[in-house]
Amino acid sequence: MSLPTKEISKYDELKEQDLSHNLASLLEDKALENNIINIKRFYDRYNADRKFREQLSVDPYGACKRYNLQVDPEELRPIWDEQYIQQDSEQTSNSRALEIFNNVYLEDQVEGKFDDYLFLIKNHNYKAWRERQIARNLGQLNKSIHDSIVHAPISFELSKGCSVGCWFCGVSAPSLSDIFTYNDRNAQLWREVLQVIEEILGAETAGRGFCYWATDPLDNPDYEKFCNVFHEIFGTFPQTTTAQALKDVERTRALLKLSQEKNCELNRFSILSLSIFNKLHENFTAEELAQVNLILQNPEAIAIKADSGRSLDRKQKKVEKNPDSVEDSPQTTIACVSGFLFSMVDRSVKLISPCPANERWKDGYIIYDEGTFSDANDLKSLLERMIEKYMPTSVRYNDIIRFRHDLKYESLSNGFQVSTRYLTSKFRNQPYLKELGEIINQGDKTTREIVLLLNKFGVPEANTLYYLNMLFNKGLFDEEAQFTPISL
Ligand code: SF4
């Protein structure tokens, strides 16, 4: 296993935190590295397999031996022993390998990831729009779910539909019906499409995208060829998430090798059953899976299903029969793109962003706009039109200003507040804020009308625009409604 850049920087952080790590010697410490990847294998088994968890609590060494896990379970008590954890939540492990595993693998899975490329986004309109989507999500999603969403700028569907057909599919993928093969015509279109995106968003931003959505990438026999061109143009090899890692083990192994050679830091395998998990461990070594996140969907796993897409459909049917039979999931979306979703089969683009799945957006993402393109020039015009229409960096005079429909508005004696179950934002202590809140809450005035109205009460235009833009940037306005672009 060669350690990826992100992990090296994590090790750097650890070193700076005076954890007595010498980076150079750490990277050369094969025994430590081996220890960490075996902890990862143990951790995956622990999370995936109820029987293993039960065995572990009565006979830790026997359980690890039975599952051929090369770890010392005593050293890993902070992972599996509830009593040990509860006795003293502050106690730290003596295991250096476990400490690094916690910092590198676990925190990477739950930490906010969306700031790590903020400074690379060169398109200011896209940057401002993405920031607003993140701010909106802060009030709409459970904090840990919010923090784990990367808000990737682009994703591509290289097939139409998905052959796997998971009952819980959070984005309601239809059955597989077509594939965007790498023939001469499509290969050229692919290259041209990526070049247009590079021109508009920049390679560093676009390189954070990936090539699947309501599809499984391995349904496309030419997936790796598309990824190679992606790498050639954007300089990064896209992350793969597949539920078909075992369909052709040699293909999967070669893809892992290819992605690692091209410095892709992480891939993900969806695990649909315990027998798939067992076969995965039979076919792939701890080292091969060291940089693969397992998304455990099997019933024996410690994991939650999102209330989104088909899973939400099923839950709603259960609730109709027996309202007390199901609990709400803290996860209400699996969407992770704030940007452009391409279907290469249909030659279509949607402008999307995550939201809690609801009646209108049952797959857990808002579709702000969509269109089709015939060639690269056409695509360029379409993307530019969407950016102009939906990604202003400030409110425009002809925009109708209203609060998001999921916000609860309340007037205060000296201002107003808007709230959701996750966040309350108060705006107070300016004489005109109470009036401003009331006007926005009516939801029928344009920016220009609000400016003129407050001006009659002596509020300068600059002050009104300052507050309107502040609220706008916090993602509090309804952007699902149509904005009409005007020149200021
Ligand atoms: S969850 Fe993934 S693999 Fe399963 S049906 Fe949906 S897109 Fe396909």
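Whatever order the structure lists ligands and atoms in, that order sets their numbers, starting from 1. Counting begins at 1 with the first residue of the sequence.
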Residues in salt bridge (charged side-chain N to carboxylate O under 4.0 Å, His left out) with Glu320, at least two apart? none
Within a distance of under 4.0 Å, is there any protein heavy atom near atom 2 (Fe) of ligand 1? no
Heavy-atom pair of closest approach, residues Pro354 and Ala335: CG-O, 3.6 Å
Just to be sure I understand the site: which N, O or S atoms from the protein are less than 2.8 Å away from atom 6 (Fe) of ligand 1? Cys169 SG
Consider only side-chain N and O atoms of Asp216 and Gln244, and report whether a donor and an acceptor are under 3.5 Å apart. yes
Looking at Thr205, Asn123, Leu379, which one forms a side chain to side chain contact (heavy atoms under 4.5 Å, CB included) with Ile200? Asn123
Run the ring-ring contact (aromatic ring centres under 6.0 Å, His included) check on Phe180 and Phe226 step by step: do they pass? CA-CA 10 Å; Phe180 186 68; Phe226 290 109; 5.4 Å; yes
Taking the six-membered ring of Trp167 (Phe, Tyr or Trp), confirm whether the NZ or CZ of Arg310 is under 6.0 Å from its centre and within 45° of its axis. no
